[in-house]
Amino acid sequence: MSGIFDFQVFISEGRNFPRGEAYRVLINFDEEFKTTNLSRPSDKPSWGEELKWSFDAERLRKLIAAGTTPKLTVTRHDGWKLGWTVLDLRTSKLNAGRSRDDTSKWMLLRTGSALPKGMFPELCLSQKLTERPTAGSPPAEDQVQALMSKISKESEPKVEERNADPQYTPPDSDDDQESAAKSIEASATTAPQQSGMPHGRAPLKASATFCPGEESRKTGEDICPTDNEMED
């Protein structure tokens with residue numbers, strides 16, 4: 001890993017909270033505390049705030065190796081703790097290229113205090129772990145063009161190979177290439193064949209004579225030509 005990484009948590013809203021109270025959300029990550037503002041008193045509080053932490057690659061690697069996880073706590077305006085939960089950095093990394101609406105989810109708070117029966121407070125949030133673009137790095141399309149240019153140069157014959165081949169002559173155009181190919185093909189078809197036969201005499205074609213011996217014995221006829229007949 002390299003560069004700077006941003007861990008972002010967007011706190012949207014809550015539900016099933018005790019009525020008539022204002023709440024805030026506090027997150028502790030790597031001993032750094034960040035908190036939202038107090039919501040309006042409601043059993044469905046709303047915040048719409050983002051909390052963010054930034055780390056270099058080496059620090060983030062150590063946090064992940066040590067199993068450090070962000071801890072989220074919801075407190076009342078007077079500091080009374082309603083509940084808490086932990087966030088998963090692996091989930092945050094998977095959400096890097098997704099929109100906020102696609103990554104938002106409801107998380108059930110773990111409560112240590114006595115609440116009315118059937119009351120289970122939940123918090124809606126989204127989380128991301130993204131890497132900032134490296135300063136000075138070219139855009140993606142420029143990188144593609146540079147790669148294609150490099151491949152094109154590597155596919156061309158090297159200067160040393162051209163000089164070592166005395167018969168190498170770079171064609172001037174596509175028409176010259178086509179004319180050269182036709183000339184080579186015509187030379188190959190008109191060249192005299194190297195054989196042991198005298199000039200002007202076509203070679204004899206090999207032929208096979210079939211003599212069905214079984215049939216001749218049955219009919220008493222000799223259907224195979226004699227030597228005299230072959231000479232005639």
Side-chain angles (χ1 to χ4, degrees), residues 1-137 139-140 143:
M1 296 186 298
S2 61
I4 302 297
F5 290 81
D6 293 326
F7 174 63
Q8 302 162 281
V9 182
F10 183 80
I11 310 298
S12 179
E13 59 182 328
R15 63 187 180 189
N16 299 328
F17 280 46
R19 295 181 179 179
E21 302 290 349
Y23 299 91
R24 63 165 49 94
V25 179
L26 182 147
I27 300 179
N28 176 16
F29 186 27
D30 190 30
E31 301 301 325
E32 183 179 358
F33 294 83
K34 295 184 181 293
T35 182
T36 66
N37 296 316
L38 278 172
S39 68
R40 293 181 179 180
S42 173
D43 60 339
K44 296 180 180 179
S46 177
W47 293 275
E49 297 183 44
E50 182 182 83
L51 307 179
K52 184 173 72 173
W53 291 256
S54 298
F55 304 96
D56 59 28
E58 181 62 20
R59 183 58 185 165
L60 182 60
R61 185 189 65 80
K62 290 181 179 180
L63 291 174
I64 295 176
T68 305
T69 56
K71 184 177 179 180
L72 181 151
T73 305
V74 178
T75 63
R76 202 166 55 187
H77 61 89
D78 56 2
W80 177 78
K81 294 182 179 180
L82 173 64
W84 61 277
T85 187
V86 293
L87 306 179
D88 186 3
L89 288 179
R90 293 174 299 179
T91 301
S92 303
K93 190 172 183 180
L94 292 174
N95 292 341
R98 304 171 63 189
S99 66
R100 181 180 297 168
D101 293 338
D102 291 338
T103 59
S104 296
K105 66 177 182 178
W106 288 95
M107 300 188 68
L108 182 65
L109 298 178
R110 304 177 186 179
T111 58
S113 304
L115 295 175
K117 185 177 180 180
M119 180 175 288
F120 303 100
E122 294 178 284
L123 197 65
C124 181
L125 57 84
S126 64
Q127 52 182 321
K128 290 184 179 182
L129 179 63
T130 58
E131 182 179 6
R132 298 182 192 174
T134 305
S137 60
Q143 296 182 17

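All of these numbers come straight from a predicted model, not from anything done at the bench.
A heavy-atom distance below 4.5 Å is not found between the side chains of T103 and F10. Residues F33 and K71 form no side-chain contact, since every pair of their non-hydrogen atoms from C-beta on lies 4.5 Å or further apart. Side-chain contact between L87 and M107: present, with at least one pair of heavy atoms (C-beta onward) separated by less than 4.5 Å. Side-chain contact check for Q127 versus P70: every heavy-atom pair is 4.5 Å or farther apart.
Nearest approach of L109 to L123, heavy atoms of both residues: CD2-CB, 4.4 Å. Scanning all heavy atoms of the two residues, the minimum distance from E49 to N37 falls at OE2-N, 3.1 Å. Considering all non-hydrogen atoms of both residues, W47 and S39 come closest at NE1-CB, 3.6 Å. Considering all non-hydrogen atoms of both residues, N16 and M119 come closest at O-CG, 3.3 Å. R24 and R76 get closest at one heavy-atom pair: NH1-O, 4.5 Å. Closest approach of G20 to P41, counting heavy atoms only: C-CB, 3.9 Å.
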Exercise. Going through the checks in order, is the side chain to side chain contact (heavy atoms under 4.5 Å, CB included) test met by E21 and H77?
Worked result: CA-CA 7 Å; E21 302 290 349; H77 61 89; 3.1 Å; yes

Q: Could you please spell out the steps behind the side chain to side chain contact (heavy atoms under 4.5 Å, CB included) verdict for V9 and F7?
A: CA-CA 7 Å; V9 182; F7 174 63; 3.5 Å; yes

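Distance NZ/K52 to CD/E50: 6.5 Å, rounded to 0.5 Å. Taken to the nearest 0.5 Å, the CG atom of D30 stands 11.5 Å off from the OG1 atom of T69. To the nearest 0.5 Å, atoms CG (D6) and CH2 (W53) are separated by 11.5 Å. The CG atom of L115 lies 6.0 Å from the CG atom of L82; values are rounded to the nearest 0.5 Å. Atoms CG and OG1, on L125 and T85 in that order, are 8.0 Å from each other to the nearest 0.5 Å.
Judged by distance alone, the side chain of T68 and the main-chain N or O of I64 form no donor-acceptor pair under 3.5 Å.
Under the rule for a ring pair (Phe, Tyr, Trp, His ring centres under 6.0 Å), the partners of F17 that lie at least two apart in sequence or sit in another chain are Y23.
Applying the salt bridge (Lys or Arg N to Asp or Glu O under 4.0 Å) test to pairs two or more places apart or on separate chains, those with a residue in residues 108-124 are R15-E122.
A side-chain contact (heavy atoms from CB on, under 4.5 Å) with I11 is found for one member of T35, V74, V25 and no other, namely V25.
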